[in-house]
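First comes the structure, then the notes that go with it.
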Amino acid sequence: MTRYSFLGPSGTFTEAALLQVPGAEEAERVPASSVLSALAMVEDGSVDGAMVPIENSVEGGVTATLDAVSVAHNLHIVGESLVPITFVVASKEPMPLSGIRSLATHSHAWAQVRRWTEVTVPHAEYIPASSTAAGAQGLLAETPVADAAVCSPLVAEQLGLHVIASGIEDVSGAVTRFVLVTKPGPSPELTGADKTTVMIPLPEDRPGALMEILEHFSTRGVNICRIESRPTGHGMGDYFFSMDLEGHIQESRVADALTGIHRISPKIRFLGSYPRADRKPQQVTRDVSDAAFSAARAWISSLRHA
Ligand SMILES: O=C(O)C(=O)Cc1ccccc1
């Protein structure tokens, strides 16, 4: 039976993301207490894959995931899921908002309700929890971790908690993007609506290196849908770029752009090509189509072998 780890316990947004994976409902789902331990289970072979948050439409990248996946040499992204995020405030017994002195939740959730909490419960202390579901569960412990929790409506319902306020997110319509990570292997097949994730170390002492890298994508019509710089941890000013591109490594324009970038940044790492969660088909202009690339290659080859 397939085994997947995820940021648990049951009822997290990450589990909702995992449940979008075909077959995950029947698979064994192994809760982990952190993103890093979910990924470690993939590395040590105790699970086949891990679902972890990577990017939020309001807060940006999830640095723990970006860094872990980019730096590890034995992890590969094979899929993505998008989960709409909405939060409630829940407590064990009914209570007025004015009575809340402490709120337990995950740091990403806290970051997304800061304005609401500042205005509505300004004196409430933030009690960090390893996930929104863990924070909610903590209310039922013999010594409750907090007066109330910020969690999903589903967790509040599953645990029989009282919902004191709902829709408390500062920006409505927020979505979190999660990735399914496995050990390295062949990428899922080309669907025509795919993404590719790469990690590109910025070469030192090369003025204009970032511009040169971006030009390779630009001239081949490869759209960048996420770009983030992260410190390598090896010294001040030493950075890598984490990027998502539209397209699949099996498409010439993507492969050709990465071939060009390899000459500028030989330590570039390919982290996977996988189907887009929104299935939005790729519009490829004629001059960067696979057919255009193979016609160009055939032409050069005919010149070299004449
Ligand atoms: O704590 C959770 O439920 C998670 O899955 C992490 C998270 C928290 C807030 C928004 C998105 C993901």
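Counting from 1, the numbers follow the sequence of the chain as shown. These numbers were taken from a predicted model, which means no experiment stands behind them.
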Please say which of R276, R220, K195 ends up in a salt bridge (Lys or Arg N to Asp or Glu O under 4.0 Å) with E246. R276
For residues S242 and E228, is any side-chain donor paired with an opposing acceptor at under 3.5 Å? no
Donor + acceptor pair across side chains of S273, D194 (<3.5 Å): no
Before you tell me yes or no, could you show the steps for F217 and R253 under side chain to side chain contact (heavy atoms under 4.5 Å, CB included), namely the whole-Å CA-CA distance, both residues' side-chain angles and the distance that decides it to 0.1 Å? CA-CA 8 Å; F217 294 123; R253 65 183 197 292; over 6 Å; no
Given 3.5 Å as the limit, does a donor-acceptor pair link the side chain of [X] with the main chain of [Y], or not?
{"X": "S294", "Y": "D290", "answer": "yes"}
{"X": "D147", "Y": "S102", "answer": "yes"}
{"X": "Q112", "Y": "A109", "answer": "no"}
{"X": "D244", "Y": "T197", "answer": "no"}
{"X": "S91", "Y": "A148", "answer": "no"}
{"X": "T176", "Y": "V83", "answer": "no"}
{"X": "D170", "Y": "R114", "answer": "yes"}
{"X": "Q137", "Y": "A133", "answer": "no"}
{"X": "H216", "Y": "T259", "answer": "no"}
{"X": "S301", "Y": "R297", "answer": "no"}

Given side chains that start at C-beta, do those of [X] and [Y] come closer than 4.5 Å, heavy atoms only?
{"X": "I100", "Y": "T120", "result": "no"}
{"X": "F241", "Y": "S265", "result": "no"}
{"X": "S70", "Y": "F240", "result": "yes"}

If you apply the rule side chain to side chain contact (heavy atoms under 4.5 Å, CB included), what do you find for Y274 with L180, and how did you get there? CA-CA 10 Å; Y274 46 88; L180 183 62; over 6 Å; no
W110 and Y126 aromatic ring geometry - parallel, tilted or perpendicular at 30°/60° bounds: parallel
Could you go step by step and tell me if V179 and V52 meet the side chain to side chain contact (heavy atoms under 4.5 Å, CB included) rule? CA-CA 6 Å; V179 285; V52 288; 4.0 Å; yes
Going through the checks in order, is the side chain to side chain contact (heavy atoms under 4.5 Å, CB included) test met by H73 and R269? CA-CA 9 Å; H73 280 259; R269 294 199 41 235; 3.6 Å; yes
